Amino acid sequence: MRRAGPPSQSVGNSPSPSRRAWLRFKRNRLGYWSLLIFCALVAVSLLAELVSNDRPLVVYYQGSTYFPMVKDYPEKVFGGDFETSTDYLDPFIRERLSQAGNWALFAPNPYGPKTLNYFAKEPNPSRPSRDNWLGTDDRGRDLLAQLIYGFRISVLFALALTTAGVVLGVITGAVQGFFGGKTDLAFQRFIEIWSSMPELYLLIIFSAVFTPSLLLLLVLLSLFGWMGLSDYVRAEFLRNRQLDYVRAARALGVSNWQIITRHLLPNSMTPVVTFLPFRMSGAILALTSLDFLGLGVPPGTPSLGELLSQGKNNIDAWWISLSTFAVLVITLLLLTFMGDALRDALDPRKADK
């Protein structure tokens, strides 16, 4: 008789569902490279102080080493006449630091987000030049530094707003979909009333009453940003709660909390994960729009919306509008490509492809 061969190992070696989704995501080259580029841009913005800063990273002066990034030094330390903070862009200080035996290591772009270029050769806003690669705004601040720090604020704000919206949307949608009945009806009536409130008017009122801040914007926008996601989670819970594995868990006496967290929630997160890049795009656009209208971050904070407003007020300074518009378009395109790739990777109809 012929001896039977060893059992097939294909089942045991098959990748997990999350691994298969990641492989499908990687096969979408546009979405995969968009993720890599976006992560690289975020990493650069998080290290903005090392990329664009008006203070040297390290100074070696007359046998002593100084770290201006972490400590403020008076001008007298470097041969000046005053006890005020050192302006490292002052030609006199630059000359002192470049003398024999002295040196200073500056960031690639030696301007911070609030640095005024008092030594620009043209009136503000000045054109792109060797000193200011993208030019300056109408206040004399370096445009490249404004874009780097403004991009960081926009991305971090979008992440915080997306996280808050996801938490609130998942909780409310899960409660509605799992319990249904009167609980679902009560939540639906509340959402209808809450969504009819004029969000922009409320922002204007609160901006007039309270001091503008990112925290205030985050709280106000979070109060309205969860309703769209809540509908998707509610629909997933309404569908999944009728499945056999949920009925079996109930028959075994598993508590409602365990059914929600261990059984229903992991199987209802597909729309949540799919919409994350698109929700981040919406959050960035919301902050930019509010800053453009003067209802966003406090004055002096690096902001893409404020730069767009400056571009509108200074039509001849084309470099302000062009560079800011390019940053916004590239950011939103990267997030959109990532969202499309993520949606295709998690699409159950493409699970076997």
Side-chain angles (χ1 to χ4, degrees), residues 37-61 65-73 75 78 85-98 102-157 284 288 291 297 299-311 314 317-331 334:
I37 295 173
F38 182 76
C39 291
L41 294 177
V42 173
V44 170
S45 68
L46 293 177
L47 300 174
E49 285 76 11
L50 301 179
V51 178
S52 182
N53 202 328
D54 58 351
R55 297 188 175 198
L57 308 180
V58 183
V59 171
Y60 184 81
Y61 182 76
T65 304
Y66 303 92
F67 299 93
M69 281 190 60
V70 296
K71 186 177 180 181
D72 194 12
Y73 298 101
E75 188 179 292
F78 305 108
S85 299
T86 305
D87 182 5
Y88 296 95
L89 300 181
D90 189 335
F92 174 76
I93 299 298
R94 298 292 289 266
E95 181 183 359
R96 299 285 297 182
L97 296 180
S98 61
N102 304 328
W103 54 268
L105 178 61
F106 281 87
N109 185 47
Y111 296 97
K114 299 181 180 180
T115 306
L116 301 180
N117 189 1
Y118 296 106
F119 309 102
K121 299 178 181 179
E122 297 181 10
N124 299 318
S126 62
R127 296 175 177 272
S129 63
R130 183 177 179 181
D131 295 330
N132 302 101
W133 299 341
L134 296 181
T136 63
D137 62 6
D138 58 6
R139 302 179 188 178
R141 299 175 299 182
D142 182 72
L143 192 57
L144 178 58
Q146 289 285 301
L147 292 174
I148 294 175
Y149 285 87
F151 175 79
R152 178 171 69 176
I153 291 177
S154 298
V155 170
L156 293 180
F157 179 84
I284 292 176
T288 303
D291 290 338
V297 298
T301 304
S303 166
L304 300 180
E306 184 199 2
L307 290 177
L308 287 178
S309 179
Q310 287 193 30
N314 301 274
W318 52 266
W319 53 92
I320 300 179
S321 300
L322 181 61
S323 57
T324 308
F325 183 74
V327 170
L328 276 175
V329 169
I330 292 173
T331 302
L334 292 176

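For this chain, numbers begin at 1 and follow the sequence in order. Everything quoted here is computed from the prediction, not taken from an experiment.
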Roughly how far apart are Ile153 CD1 and Ser303 OG, rounded to 0.5 Å? 7.5 Å

Rounded distance [0.5 Å steps], CZ in Phe151 versus CG in Leu304: 8.5 Å

So, for Pro125 and Asp138, which heavy atoms are closest and what is the spacing to 0.1 Å? CB-N, 3.9 Å

Testing the basics here: between Arg152 and Ala48, what is the closest heavy-atom pair and its distance to 0.1 Å? NH1-CB, 4.0 Å

In terms of heavy-atom contacts, Pro108 and Leu50 come closest through CD-O, 3.5 Å

Measure the shortest side-chain to side-chain distance between Asp142 and Asp131 over non-hydrogen atoms and say whether it is less than 4.5 angstrom. no

Out of curiosity, Asp54 CG to Glu49 CD, how far, rounded to the nearest 0.5 Å? 11.0 Å

If you take all heavy atoms of Arg141 and Leu116, which pair is closest and at what distance? CG-CD2, 3.5 Å

Given Leu328, Leu307, Leu147, Leu144, the one that forms side chain to side chain contact (heavy atoms under 4.5 Å, CB included) with Ser323: Leu147

Taking the inter-plane angle between the rings of Tyr88 and Phe106 on a 0 to 90° scale, is it parallel (under 30°), tilted (30 to 60°) or perpendicular (over 60°)? perpendicular

Given side chains that start at C-beta, do those of Phe78 and Val59 come closer than 4.5 Å, heavy atoms only? yes

One should read off an interatomic distance between Ile330 CD1 and Ile37 CD1, to the nearest 0.5 angstrom, of 9.0 Å

With the side chain counted from C-beta on, respond yes when Thr331 and Phe38 share a heavy-atom pair under 4.5 Å apart, and no when they do not. yes

Rounded to the nearest 0.5 Å, what's the gap from CG on Asn102 to CD on Glu95? Could you check? 11.5 Å

Short question: side chain of Tyr66, backbone of Asp72 - any donor-acceptor pair under 3.5 Å? no

Report, as yes or no, whether the 6.0 Å neighbourhood of atom CZ on Arg127 holds more than 12 heavy atoms from other residues, nucleotides or ligands. no

Less than 3.5 Å apart, any donor N or O on the side chain of Asn117 or Asn132 sitting next to an acceptor on the other? yes

Going by heavy atoms in the side chains, are Val155 and Leu41 under 4.5 Å from each other? no

About how many Å separate CG of Leu89 and OH of Tyr111, when rounded to the nearest 0.5 Å? 6.0 Å

Please find the pair of heavy atoms, one from Ser52 and one from Ala107, that lie closest to each other, and give the distance. N-CB, 4.0 Å

Could you tell me whether the side chain of Trp319 and the main chain of Thr136 form a donor-acceptor pair under 3.5 Å? yes

If you look at every heavy atom in Leu57 and Met69, which pair is closest and at what distance? CD2-SD, 2.9 Å

Under the 3.5 angstrom rule, does the side chain of Thr288 hit a backbone N or O of Gly305 as a donor-acceptor pair? no

Leu105 and Tyr60: side-chain contact (heavy atoms from CB on, under 4.5 Å), yes or no, with the steps? CA-CA 9 Å; Leu105 178 61; Tyr60 184 81; over 6 Å; no

Keeping the roles fixed (side chain from Tyr149, backbone from Lys114), state whether a donor-acceptor pair exists under 3.5 Å. no

Would you say Thr86's side chain and Tyr73's backbone share a donor-acceptor pair under 3.5 angstrom? yes

Within a reach of under 6.0 Å around CZ of Phe325, are more than 12 heavy atoms found that belong to other residues, nucleotides or ligands? no

Inspect the contact between Arg96 and Glu75 and indicate whether a charged nitrogen and a carboxylate oxygen are less than 4.0 angstrom apart. no

Using only atom types and a distance under 3.5 Å, with no angle test, would you say the side chain of Ser126 pairs donor to acceptor with the backbone of Pro123? no

How about Glu122: does its CD atom have over 12 heavy atoms from other parts shown lying under 6.0 Å from it? yes

